[in-house]
Enquirer: 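Before we start, here is the structure in question, set down as structure tokens.
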Amino acid sequence: MSDPDNFRQRVFQIIAAIPTGQVTTYGNVAQLAGSPRAARQVGGVLKKLPEGSTLPWHRVINRHGEISLQGEDFKRQRQALLAEGIVFKKGKVDLEKYGWKW
DNA sequence: GTTTTGACTGTAC
DNA sequence: GGTACAGCCAAAA
């Protein structure tokens, strides 16, 4: 059949399923992808994201509720989240409130 | 096939 | 509460 072992493909599917106005952590995505310890790789995959993907990668943040990126990418992600109704408190997001739950 | 890298997380101080 | 170090995993060179 298909390639269920394709971690990268799995991550895309998971992130694509995140509803607007909600956020999730890399660790959460990694766990859903089948490897709870591969949170790092989740970011690594998104960094090499294909341009044709309309994937809402901006809804993925670290476990501190903060954006792990820096520089322009950081601001871009923050703006994207603000545009979706996410409220930043002291530069952080309330995962208890916006944390994505299945 | 081996080595290097990294948008993370957990534990320790 | 914040900072520092180590571990883990998958993809790219």
Side-chain angles (χ1 to χ4, degrees):
Chain A
M1 275 286 284
S2 49
D3 307 298
D5 295 306
N6 196 338
F7 184 83
R8 191 172 75 177
Q9 195 77 30
R10 205 82 170 276
V11 172
F12 285 117
Q13 182 65 48
I14 294 167
I15 296 175
I18 302 174
T20 305
Q22 296 253 250
V23 296
T24 189
T25 64
Y26 297 100
N28 194 0
V29 175
Q31 185 173 25
L32 294 173
S35 298
R37 307 290 170 175
R40 225 182 229 178
Q41 189 55 20
V42 174
V45 168
L46 296 178
K47 185 167 73 168
K48 299 168 190 156
L49 249 190
E51 300 178 5
S53 295
T54 59
L55 197 73
W57 58 271
H58 53 262
R59 292 179 190 153
V60 186
I61 57 183
N62 64 22
R63 89 169 200 80
H64 294 290
E66 254 272 13
I67 297 171
S68 299
L69 282 150
Q70 294 184 357
E72 296 300 314
D73 289 333
F74 173 83
K75 294 195 296 185
R76 191 179 314 134
Q77 183 169 7
R78 186 179 58 178
Q79 278 298 312
L81 292 175
L82 288 171
E84 299 203 347
I86 306 291
V87 178
F88 277 76
K89 193 73 69 173
K90 297 171 187 157
K92 295 185 190 172
V93 177
D94 188 350
L95 290 175
E96 296 291 311
K97 183 175 182 178
Y98 298 105
W100 175 45
K101 291 155 189 167
W102 296 76

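What you see below is based on every heavy atom in this structure, not just the backbone, and it leaves out hydrogens, waters and symmetry mates. Per chain, numbering begins at 1; letters A, B, ... match sequence-line order.
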Enquirer: Sequence neighbours left out, what passes side-chain hydrogen bond (donor to acceptor under 3.5 Å, both in side chains) with A/S35? Give chain and number order.
Expert: none
Enquirer: Considering residues at least two apart in sequence or located in another chain, which fulfil the side chain to side chain contact (heavy atoms under 4.5 Å, CB included) criterion with A/V45?
Expert: A/R8, A/F12, A/Q41
Enquirer: Between A/A38 and A/H64, who's closer to the 5' end of DNA chain C by nearest nucleotide?
Expert: A/H64
Enquirer: Applying ring pair (Phe, Tyr, Trp, His ring centres under 6.0 Å), can you list everything that pairs with A/W100, at least two apart in sequence or on another chain?
Expert: A/W102
Enquirer: Only counting residues at least two apart or in another chain, list the ones meeting side-chain hydrogen bond (donor to acceptor under 3.5 Å, both in side chains) with A/Q13.
Expert: none
Enquirer: Quick one, A/R78 and A/L81 - any side-chain contact, counting heavy atoms below 4.5 Å?
Expert: no
Enquirer: Are OP1 or OP2 of C/dC8 and a side-chain N or O of A/S35 less than 4.0 angstrom apart?
Expert: no
Enquirer: C/dA10 P sits how many Å from A/I14 CD1, rounded?
Expert: 13 Å
Enquirer: Of all of residues 66-74 of chain A, which get a heavy atom below 4.0 angstrom from DNA chain B, listed by number?
Expert: A/S68, A/L69
Enquirer: So, using side-chain hydrogen bond (donor to acceptor under 3.5 Å, both in side chains) as the criterion, who are the partners of A/T20 when residues are at least two apart?
Expert: A/R59
Enquirer: Anything under 3.5 Å between a protein N or O and an N or O of nucleotides 10-13 of chain B, put it in a table, one pair a line.
Expert:
| residue | atom | partner | partner atom | Å |
| --- | --- | --- | --- | --- |
| B/dG10 | OP2 | A/R63 | NE | 2.9 |

Enquirer: The side chain of A/K92 is closest to which nucleotide in this list: C/dA10, B/dT9, C/dG2?
Expert: C/dG2
Enquirer: Only counting residues at least two apart or in another chain, list the ones meeting side-chain hydrogen bond (donor to acceptor under 3.5 Å, both in side chains) with A/T24.
Expert: A/N28
Enquirer: Mind calculating the distance between CD1 (A/I15) and P (B/dA7) to the nearest angstrom?
Expert: 14 Å
Enquirer: Using nucleotides 11-13 of chain C, report all nitrogen or oxygen pairs with the protein that are shorter than 3.5 Å.
Expert:
| residue | atom | partner | partner atom | Å |
| --- | --- | --- | --- | --- |
| C/dA11 | O4' | A/Q41 | NE2 | 2.7 |
| C/dA12 | OP1 | A/R8 | NH1 | 3.2 |

Enquirer: If you round to the nearest 0.5 Å, how far is CD of A/Q77 from CD1 of A/I67?
Expert: 4.0 Å
Enquirer: Can you list every pair that meets salt bridge (charged side-chain N to carboxylate O under 4.0 Å, His left out) and has a residue in residues 87-99 of chain A, with sequence neighbours left out?
Expert: none
Enquirer: Scan for ring-ring contact (aromatic ring centres under 6.0 Å, His included) pairs involving residues 59-98 of chain A, sequence neighbours excluded, and state none if there are none.
Expert: none
Enquirer: Could you tell me the separation between the CD atom of A/Q31 and the C1' atom of C/dA10, rounded to a whole number of Å?
Expert: 17 Å
Enquirer: I need the CG-C1' distance between A/N62 and C/dG2, as an integer number of Å.
Expert: 14 Å
Enquirer: A/E72: which residues meet the side chain to side chain contact (heavy atoms under 4.5 Å, CB included) condition with it, sequence neighbours left out?
Expert: A/K75, A/R76
